[in-house]
Protein chains: 2
Amino acid sequence: MHNLAISIRISSDLFIKDPESTDLGKRIISKSIELLDELGFEGFTFKKLGAAIGSPESSVYRYFESKHKLLIYLVCWYWSWIEYKMVFGTINKSSDLERLKTAIEILTKPIKVDNSFIHVNEVLLNKIVVSEATKVFHTKAVDEENDQGYFAVYKRIVQRVSDLISAINPDYKYPNMLVTTVIEGAHQQVYFADHLSSITDKKRGKNRVYNFYTELVCKMIS
Amino acid sequence: MHNLAISIRISSDLFIKDPESTDLGKRIISKSIELLDELGFEGFTFKKLGAAIGSPESSVYRYFESKHKLLIYLVCWYWSWIEYKMVFGTINKSSDLERLKTAIEILTKPIKVDNSFIHVNEVLLNKIVVSEATKVFHTKAVDEENDQGYFAVYKRIVQRVSDLISAINPDYKYPNMLVTTVIEGAHQQVYFADHLSSITDKKRGKNRVYNFYTELVCKMIS
DNA sequence: CAAATATAATGGTATTACTATCACTTTCCA
DNA sequence: TGGAAAGTGATAGTAATACCATTATATTTG
């Protein structure tokens with residue numbers, strides 16, 4: 001697909017001015033993805049971002065209240081994109097089990113470039129989500145930010161997959177726990193493979209994360 | 001057990017002066033656990049810690065190089081304590097399966113107070129590990145810190161449980177992935193139950209995390 | 001062309017994370 | 001018992017961070 005006439009909609013509480021609405025905004029998104037990947041969340045600052053796009057720090061603050069909000073924005077964008085892929089990927093499948101397997105595939109297999117969104121590098125964004133997304137949740141402000149609805153997309157994805165599981169096996173007791181175990185676990189396995197490889201099973205090939213979690217879900221609900 | 005004549009040994013790379021060696025050191029540990037729980041890692045500073053123990057910031061810096069190192073120290077302490085509980089809890093079991101179940105119990109059931117270590121509140125420390133420990137890993141310095149051996153205890157625990165699994169079923173392909181899925185997943189479920197309860201299965205009772213992951217491991221390796 | 005909007009440029013504040021210095025006190029051991 | 005060594009307190013200082021505010025200059029739009 002090329003340059004679809006769709007766009008990812010993000011809650012307007014997450015930005016001051018919609019970055020999609022201007023050229024500078026898009027450059028902010030695009031460069032912040034590169035810089036977050038390069039420097040990590042702690043090393044990343046609006047000053048460095050400003051320097052990278054040739055604008056002052058204050059211009060960035062016109063779009064985002066804080067770097068934390070920017071991170072949430074990007075993570076939300078990511079999950080919205082995943083949801084969109086999940087909806088379109090499962091729509092024409094013939095059974096719930098097929099749909100479930102596709103969903104798990106989307107959640108666990110490596111990300112491929114998607115040229116539909118020019119200013120977003122999904123492969124890099126995935127790397128950021130893998131290594132930084134826990135910082136979105138693990139904050140003293142979680143509850144407040146949850147009330148604001150910042151995690152709605154994420155929760156909706158969990159619900160979707162959970163519903164598929166319940167459709168296949170209505171008696172299975174822990175559909176939500178199973179889904180979050182898969183989603184978070186898959187990212188964690190990728191991170192461990194990169195940084196603590198002795199505690200993964202790296203030899204098991206390229207699709208081991210997908211294979212492991214697919215087997216896990218199938219065994220649990222059967 | 002009361003005041004056992006054992007102590008948890010932590011790599012001396014993690015501190016400048018051993019906090020176990022002085023009274024002030026022990027108060028630093030004890031208060032930092034309380035404050036980290038209260039303020040979260042981001043809100044926690046050595047200045048506030050100093051104020052809480054009635055000492056200047058600079059005294060804290062004589063024990064720990066940075067608050068990041070202090071967090072690693074505490075997380076290491078926690079995993080060392082868990083390892084100790086695992087070793088003593090499994091030693092007199094009659095089969096590998098029994099040992100495995102005990103290990104999973106220790107990793108997934110709520111923590112109880114342990115009066116063996118007066119200056120450490122294990123229940124609070126567990127809360128800190130649940131909500132802040134990902135920050136130990138998710139840093140641009142992971143690889144370096146891994147090389148320094150800071151994560152050795154954690155990796156050893158994974159290895160122990162993984163070995164039990166391989167002893168029970170030598171053909172199971174993903175023992176490491178299974179173990180890390182359980183360890184990290186169990187903490188995550190506790191955190192989600194507290195802050196994003198819609199994506200857990202809270203109704204399933206008090207031991208749902210233990211039951212879920214025990215069932216998961218047993219089904220996977222059988 | 002005027003009005004509105006977007007951006008640049010600059011400066012400022014409070015806080016953080018950390019370092020350095022000096023003085024006082026306690027311990028220890030020769 | 002006297003004197004070094006170790007532990008702590010008190011104070012000051014620095015560079016960087018995360019932000020905010022103001023003014024001036026472009027750029028767009030109606």
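Labels below follow one simple rule: chain letters A, B, ... track the order of the sequence lines, proteins then strands, and each chain is numbered from 1.
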Can you tell me the distance, in whole Å, between the [atom1] atom of [X] and the [atom2] atom of [N]?
X     : N      : atom1 : atom2 : result
A/F46 : C/dA8  : CZ    : P     : 15 Å
A/L39 : D/dA18 : CG    : C1'   : 16 Å
B/E42 : D/dC19 : CD    : P     : 12 Å
B/L49 : D/dG9  : CG    : C1'   : 15 Å
B/F44 : C/dC18 : CZ    : P     : 11 Å
B/I28 : D/dG9  : CD1   : C1'   : 13 Å
B/I53 : D/dG7  : CD1   : C1'   : 13 Å
B/H68 : C/dC18 : NE2   : C1'   : 16 Å

Sugar-phosphate only, base, or nothing, as touched by [X] at under 4.0 Å among non-hydrogen atoms:
X     : answer
A/F64 : nothing
B/K47 : nothing
A/S55 : sugar-phosphate

How long is the span from the OG1 atom in A/T200 to the OH atom in B/Y174, to the nearest 0.5 Å?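 Separation between the atoms: 12.0 Å.
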Rounded distance (nearest 0.5 Å) linking atom CG of B/L24 with atom OG of B/S59: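 It comes to 6.0 Å.
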Phosphate-side-chain proximity, [X] and [N], N/O vs OP1/OP2 below 4.0 Å:
X     : N      : value
B/T45 : C/dT16 : no
A/K17 : C/dT7  : yes
A/Y63 : C/dA6  : no

Measure distances between side-chain N and O atoms of B/E57 and base N and O atoms of C/dC18, and say whether any donor-acceptor pair falls under 3.5 Å.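 By the distance-only test, yes, there is a pair.
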Ignoring hydrogens and angles, does a donor from either the side chain of A/R62 or the base of C/dA8 sit under 3.5 Å from an acceptor on the other?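 Present.
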When you check the gap from the basic side-chain N to the acidic O, do A/K135 and A/E42 get nearer than 4.0 Å?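 Salt bridge present between A/K135 and A/E42.
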Run the ring-ring contact (aromatic ring centres under 6.0 Å, His included) test against A/Y213 and tell me which residues pass, sequence neighbours left out.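 A/Y213 satisfies ring-ring contact (aromatic ring centres under 6.0 Å, His included) with no other residue.
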Can you identify which nucleotide, out of [options], has its nearest atom closest to the [X] side chain?
X     : options               : value
A/Y61 : D/dC20, C/dA8, C/dA17 : D/dC20
B/P56 : D/dT17, D/dT8, D/dA10 : D/dA10
A/S66 : C/dA8, D/dC19, D/dG9  : D/dC19

Taking the six-membered ring of B/F46 as reference, does the NZ or CZ atom of B/K67 fall below 6.0 Å from its centre and within a 45° cone about the axis?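 So B/K67 doesn't make the cation-pi contact.
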Could you pick out which residue, B/G25 or A/S58, lies toward the 5' side of DNA chain D when each is mapped onto its nearest nucleotide?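 The answer here is B/G25.
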